[in-house]
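Numbers restart at 1 for each chain; the letters A, B, ... are given by sequence-line order, proteins then strands. Quick caveat: nothing in here was measured; it's all calculated off a predicted structure.
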Amino acid sequence: MLQLKTIRDEKQRILSGLRKRNWTSQQLKVVDNILLLDENRRSGQKLLDDFLAEQNRLSKQIGQMMAQGKKEEAEALKAQVSQLKEKSKAQEDVQRTTEGSLETLLYSVPNCPHKTVPKGKTPEENKVAKDWTKPFPTLPEDALAHWDLAKKYNLFDLELGVKLTGAGFPVYRGKGARLQRALIQFFLDEAVKAGFEEIAPPLLVNEDSARGTGQLPDKEGQMYHCTVDNLYLIPTAEVPVTNIVRDEILAEKDLPMKMTAYTPCFRREAGAWGAHVRGLNRVHQFDKVEIVVIDHPEQSYKTHQSMVRHVEKLMVKLALPYRILLLCGGDMGFASAKTYDFEVWSAAQKRWLEVSSVSNFETFQTNRLKTRFRDANGQIQMAHSLNGSAMALARIVAALLENNQTAEGINIPKALWKYTGFKTI
RNA sequence: GGAGGAAUGGGUGAGUGGCUGAAACCACCGGUUUGCUAAACCGACGUACGGGUAACCCUGUACCGCGGGUUCGAAUCCCGCUUCCUCCGCCA
């Protein structure tokens with residue numbers, strides 16, 4: 001959620017940012033509506049506060065009169081207060097309505113893209129920030145896609161997952177299961193080495209947390225919901241980890257707060273099925289190591305770059321062909337101000353697979369979360385939040401298997417040997 | 001799951017209807033003193049949304065787990081919920 005104050009003070013910047021997201025002039029009117037409602041809210045607040053102030057004043061007087069035994073005068077005042085009370089109750093309702101509509105409108109506005117975000121409407125217009133210049137791995141004629149490799153080497157079983165749960169819940173077996181565990185361990189170790197605190201969060205969150213990071217109310221259908229207890233299965237570790245700082249005022253010296261967490265992620269992906277979703281490309285449950293940073297506004301873009309470099313290092317260590325995209329305004333997530341996507345070349349499928357997304361949300365999340373910090377002058381400011389996958393397992397596994405297949409078996413990248421305990425599959 | 005108790009500011013904890021946004025102590029911050037540290041003393045010390053102003057500052061309102069209610073007036077009384085603690089039961 002954008003800060004009201006930002007919309008008030010920097011209307012033009014917000015408008016041009018929204019245009020970058022291809023908002024029509026019709027859509028842009030919402031900004032003026034917000035400002036108008038804000039005016040109403042403020043004047044209504046004043047009105048209400050004045051009523052209440054008068055009530056408080058009179059009530060105190062009544063107390064004094066009672067103490068002095070002036071009972072009749074007190075009774076007269078009581079009647080006056082009762083009248084005021086009706087007025088303030090009515091005004092309270094008006095105010096509640098205004099604030100409600102204002103909030104609804106605010107929720108509907110996406111984050112304002114950073115000035116370095118390119119214009120564009122479709123994924124084709126994303127800017128390649130770093131391309132893969134070396135040749136792609138050349139595979140044998142009879143190269144298999146990862147779902148066929150999985151069968152050949154007994155690495156994971158999707159049909160078995162259907163029996164146990166349903167489509168999109170793979171059962172990893174043998175070396176496939178071990179490879180999963182190795183990757184998790186590897187990613188976590190790398191993150192900890194890079195200074196991230198390891199967090200093992202709950203996998204179910206309450207409504208407040210889901211609201212805090214914006215899964216609610218917008219993406220309700222994306223999450224698995226345990227209605228009996230009103231808890232949600234996390235779609236990403238971002239949700240519990242970022243909510244650690246919900247309603248907190250941090251000290252400036254606590255920033256940056258760098259956290260990492262491995263969790264399974266659960267996504268209903270309702271309606272997202274179609275082509276390109278075979279094998280591990282899209283599943284309901286997958287493993288991911290996430291990195292989250294809460295940072296000083298002046299530092300967050302530097303941090304953003306360093307997170308990108310961190311993910312890049314993982315790619316290099318895993319010897320995977322990758323490219324980095326700077327997403328254009330039209331392809332960026334709702335909450336993000338700037339996003340880099342990492343894609344890995346899947347040699348057998350001959351296509352790029354998205355494996356990581358590193359975003360700076362600026363104050364969009366923290367505004368809703370109420371995550372602030374006290375700066376050097378003792379002023380309270382909104383902190384910035386950032387996160388990225390480092391990384392999402394299922395698709396990395398797909399690429400690893402496909403790219404490293406040989407007639408003799410599948411080669412495991414050297415960086416993983418100490419975790420897998422084997423060098424080939 | 002059953003029975004009882006509790007929830008107050010960063011922490012401990014007082015407060016059972018008006019003078020309480022909230023004592024006291026601790027922590028934190030600023031200052032005095034000091035060779036340095038420590039101690040002692042003095043002072044400041046919540047958040048949000050408004051108004052006077054653009055800022056310092058002044059001021060209004062709301063907030064004592066959450067939501068309702070009683071009352072002219074609620075941290076204080078009543079109802080519901082949540083969480084925590086103790087005991088019992090169950091259990092990885």
Side-chain angles (χ1 to χ4, degrees), chain A residues 1-11 34-107 200 202-212 216 226-232 240 243-255 257 363 365-383:
Chain A
M1 181 168 52
L2 284 174
Q3 291 183 86
L4 204 39
K5 191 174 163 1
T6 312
I7 301 178
R8 269 204 302 261
D9 298 347
E10 302 174 66
K11 184 179 164 189
I34 286 172
L35 291 174
L36 191 70
L37 273 173
D38 183 40
E39 287 292 326
N40 289 344
R41 177 187 66 90
R42 288 153 80 186
S43 56
Q45 182 77 51
K46 175 95 178 90
L47 198 61
L48 177 60
D49 283 356
D50 287 348
F51 281 143
L52 292 174
E54 182 66 1
Q55 277 175 48
N56 287 342
R57 200 178 62 80
L58 292 180
S59 290
K60 266 185 188 153
Q61 265 185 34
I62 292 172
Q64 283 162 6
M65 286 173 175
M66 301 288 262
Q68 290 164 18
K70 300 178 186 167
K71 219 175 165 195
E72 279 173 32
E73 291 173 53
E75 287 301 325
L77 275 184
K78 277 190 195 179
Q80 239 187 79
V81 175
S82 296
Q83 277 187 352
L84 264 174
K85 218 168 128 180
E86 275 172 38
K87 282 192 194 170
S88 62
K89 276 248 158 53
Q91 182 56 29
E92 222 165 70
D93 288 342
V94 170
Q95 195 63 4
R96 221 193 308 270
T97 310
T98 309
E99 282 171 359
S101 342
L102 182 55
E103 188 168 70
T104 306
L105 288 192
L106 276 174
Y107 275 159
L203 306 182
L204 288 121
V205 294
N206 59 28
E207 216 180 309
D208 284 344
S209 294
R211 201 170 294 282
L216 293 178
C226 306
T227 48
V228 190
D229 299 293
N230 198 25
L231 295 174
Y232 295 87
N243 270 282
I244 288 175
V245 293
R246 169 157 49 88
D247 292 319
E248 297 287 340
I249 300 175
L250 306 165
E252 194 171 29
K253 66 173 165 55
D254 295 335
L255 304 178
M257 214 171 143
T363 63
Q365 281 187 327
T366 50
N367 185 36
R368 207 185 284 202
L369 287 162
K370 298 193 175 62
T371 302
R372 300 90 94 208
F373 70 98
R374 212 177 291 276
D375 67 20
N377 301 321
Q379 298 294 311
I380 288 171
Q381 289 190 45
M382 225 44 105

Return no unless some side-chain N or O of [X] is found under 4.0 Å from OP1 or OP2 of [N].
X: A/Arg372; N: B/rA48; value: yes
X: A/Asn56; N: B/rU61; value: yes
X: A/Lys85; N: B/rG73; value: yes
X: A/Arg374; N: B/rU47; value: yes
X: A/Arg42; N: B/rG51; value: yes

Any ion pair linking [Y] and [X] (charged N to carboxylate O, less than 4.0 Å)?
X: A/Glu207; Y: A/Arg211; value: yes
X: A/Asp93; Y: A/Arg96; value: yes
X: A/Lys89; Y: A/Glu86; value: no

Taking [atom1] from [X] and [atom2] from [N], how many angstroms apart are they, rounded to a whole number?
X: A/Glu99; N: B/rC49; atom1: CD; atom2: C1'; value: 8 Å
X: A/Gln91; N: B/rA62; atom1: CD; atom2: C1'; value: 15 Å
X: A/Gln3; N: B/rA48; atom1: CD; atom2: P; value: 11 Å
X: A/Arg96; N: B/rG67; atom1: CZ; atom2: C1'; value: 11 Å

inquiry  = So which atom in A/Val205 and which in A/Ala210 form the shortest heavy-atom distance, rounded to 0.1 Å?
reply    =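 Taking every non-hydrogen atom into account, CG2-N, 4.4 Å.
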With both distances kept under 3.5 Å, what pairs with [N], Watson-Crick or G-U wobble?
N: B/rG67; value: B/rC79
N: B/rA40; value: B/rU32
N: B/rU16; value: none
N: B/rC90; value: none
N: B/rC25; value: B/rG11
N: B/rC49; value: B/rG60
N: B/rC84; value: B/rG5

Nearest to the side chain of [X], which nucleotide is it out of [options]?
X: A/Val81; options: B/rA48, B/rC72, B/rU61; value: B/rC72
X: A/Leu52; options: B/rU61, B/rU47, B/rC72; value: B/rU61
X: A/Ser59; options: B/rU47, B/rG18, B/rU61; value: B/rG18
X: A/Lys46; options: B/rG51, B/rC72, B/rU47; value: B/rG51

Donor on one side chain, acceptor on other, A/Glu248 and A/Thr371, under 3.5 Å =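 Not at all, the side chains of A/Glu248 and A/Thr371 share no donor-acceptor pair under 3.5 Å.
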